[in-house]
Amino acid sequence: MDEKVLVTRSSMPSFEEYAEEIKPLWETRWITNSGVKHRELEKELCRYLNAENLNLCVNGHQALEAIIEVFGLKGEAVTTPFTFTSTTNSIVRKGLKPVFCDIREDDFTIDADKIEPLITEKTSAIIPVHVYGNICQYEKIQKIADKYGLKVIYDAAHAFGVTVDGMGAGSLGDASMFSFHATKVFHTIEGGCAIFKERKYYDRLNQYKNFGLGEDGEIDFAGSNVKMNEFAAAMGLCNLRHIEQSVASRKRAVLRYRENLENVNGIKLNAVRENVKSNYAYFPIVVDPEKFGKTRDEVFEALAKNNIGARKYFYPLTSQNKEFCGAYPASQTPVADKIARGVLCLPLYEGLSNETIDRICGVIKSL
Ligand SMILES: *Cc1c(COP(=O)(O)O)cnc(C)c1O
């Protein structure tokens with residue numbers, strides 16, 4: 001049996017580099033609560049992402065909940081069902097009703113042309129997702145938000161380092177959430193951040209992430225605990241030094257996949273727009289069972305039999321979560337439904353070899 005291939009594998013610095021980075025923590029014994037590493041990583045990330053008002057959090061999900069809370073949003077949020085459940089869960093957990101909008105066939109992001117009919121008097125926000133690092137139709141979305149006075153919050157968990165028309169993904173909308181989870185292009189083991197257009201929300205999140213504690217030591221509001229610790233920030237500082245190599249390695253892998261699968265009838269590849277600089281975060285394929293002759297699940301099984309892990313990501317749609325008790329039939333978002341039933345993310349990580357990619361593609365083509 002060939003060696004097992006997992007769908008992802010975390011990038012890591014050398015042990016020595018990380019050890020060197022965390023060594024000072026044994027002297028200061030300051031290991032959380034906005035320590036030296038935390039402050040340094042915030043600064044370095046602002047530089048790398050060309051961003052301002054970037055606030056580090058314990059993970060991406062909590063950053064998203066925090067954004068919704070510091071904006072004081074209520075009522076309804078127009079969002080996409082083709083995402084990781086974190087997006088939908090944050091909306092629900094903050095007491096808002098998700099209103100699911102269909103997605104675009106070519107890049108899987110929310111279909112901006114279908115947003116407006118979903119807006120009601122209760123709508124307070126649009127919460128789209130830059131799926132696989134594909135950037136949403138941000139100009140159209142902003143126009144709608146301006147017309148109705150809505151906040152735009154991007155789930156940019158997949159979009160670390162991605163630029164569109166020369167702008168960083170984090171500069172779009174009123175706020176963006178990035179995830180630094182171990183499986184993402186850039187990680188801090190667990191971690192994430194919020195980037196705000198306005199400074200006042202950065203300040204408010206500083207307070208929110210530390211229980212609502214004000215500078216005078218009094219509690220101004222019931223905040224939470226969403227702080228990133230120093231060991232996580234240190235991992236981020238190390239990984240950020242190697243991010244260019246890491247992305248280059250992913251790019252080579254993606255090009256190899258494309259060469260292999262470009263002309264396979266019934267396998268559709270992710271379209272990346274020309275004005276977008278990709279981070280090569282994922283390699284999704286969409287299986288069309290009529291043209292390919294096999295279903296997505298059959299492709300998944302064949303890979304599994306060959307010791308290759310793939311991921312049905314995203315499947316099922318988050319609108320099908322049990323808590324909604326069928327309130328949102330998948331037929332209401334037919335494109336998202338079709339993509340979710342056909343999509344499969346193939347293994348992709350730094351250092352994935354061309355031989356392994358050829359082996360994976362060989363299994364698919366043999367079907
Ligand atoms: C990873 C991810 C999240 C959650 O981020 P965590 O850092 O794991 O909490 C949210 N949305 C999307 C689209 C993601 O991929």
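Just follow the structure's listing: the first ligand is 1, and inside any ligand the first atom is 1. If you read the sequence from its start, that first residue is 1, and numbering goes on from there.
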### Query
Is any NZ, NE, NH1 or NH2 atom of the basic residue among Arg47 and Glu44 found under 4.0 Å from an Asp or Glu carboxylate oxygen of the other?
yes
### Message
Please verify the inter-ring angle class for Phe71 with Phe196; under 30° counts as parallel, over 60° as perpendicular, anything in between as tilted.
### Response
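Ring orientation, 0 to 90° scale: perpendicular.
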### Task
Check the angle between the aromatic planes of Phe180 and Phe160 and answer parallel, tilted or perpendicular using the 30° and 60° thresholds.
perpendicular
### Query
What protein heavy atom is closest to atom 5 (O) of ligand 1, reported as residue, atom name and distance in Å?
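Of every protein heavy atom, Ser179 OG, 3.2 Å lies nearest to atom 5 (O) of ligand 1.
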### Query
What residue and atom, counting heavy atoms only, is the protein's closest point to atom 13 (C) of ligand 1, and at what distance?
Asp155 OD2, 3.5 Å
#### Entry: Stepwise side chain to side chain donor-acceptor pair (under 3.5 Å) check, Asn270 with Asp107
CA-CA 6 Å; Asn270 181 28; Asp107 67 6; over 6 Å; no
### Query
When you look for heavy atoms under 4.0 Å from ligand 1, do you find them on the side chain of Glu190, its backbone, both, or neither?
neither
### Task
Could you tell me whether a side-chain N or O of Arg296 sits under 3.5 Å from a main-chain N or O of Val343, the two making a donor and an acceptor?
yes
### Message
Treating Asn239 as the side-chain partner and His187 as the backbone partner, does any N or O pair qualify as donor plus acceptor under 3.5 Å?
### Response
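The answer is yes, because a donor-acceptor pair under 3.5 Å joins these two groups.
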With atoms numbered from 1 as shown, which atoms in ligand 1 lie under 4.0 angstrom from a non-hydrogen atom of [X]?
X: Gly191; result: 7 (O)
X: Ser86; result: 3 (C), 4 (C), 10 (C)
X: Met177; result: 10 (C), 11 (N)
X: Thr83; result: 13 (C)
X: Asn59; result: 7 (O), 9 (O)

### Message
Counting only nitrogen or oxygen atoms and a 3.5 angstrom limit, does Gly60 reach ligand 1?
### Response
yes
### Query
Can a cation-pi geometry be assigned to Arg204 and Tyr201, taking NZ or CZ under 6.0 Å from the six-membered ring centre and within 45° of the ring axis?
no
### Task
For atom 2 (C) of ligand 1, state which one of Lys184, His181, His158, His61 supplies the nearest heavy atom.
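Minimum heavy-atom distance to atom 2 (C) of ligand 1 goes to Lys184.
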### Query
Below 4.0 Å from any atom of ligand 1, is there a heavy atom belonging to Tyr313?
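Under 4.0 Å: yes for Tyr313.
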### Query
Are Phe324 and Val92 close enough, and set up right, to give a side chain to side chain contact (heavy atoms under 4.5 Å, CB included), and what steps lead you there?
CA-CA 10 Å; Phe324 299 130; Val92 172; 3.8 Å; yes
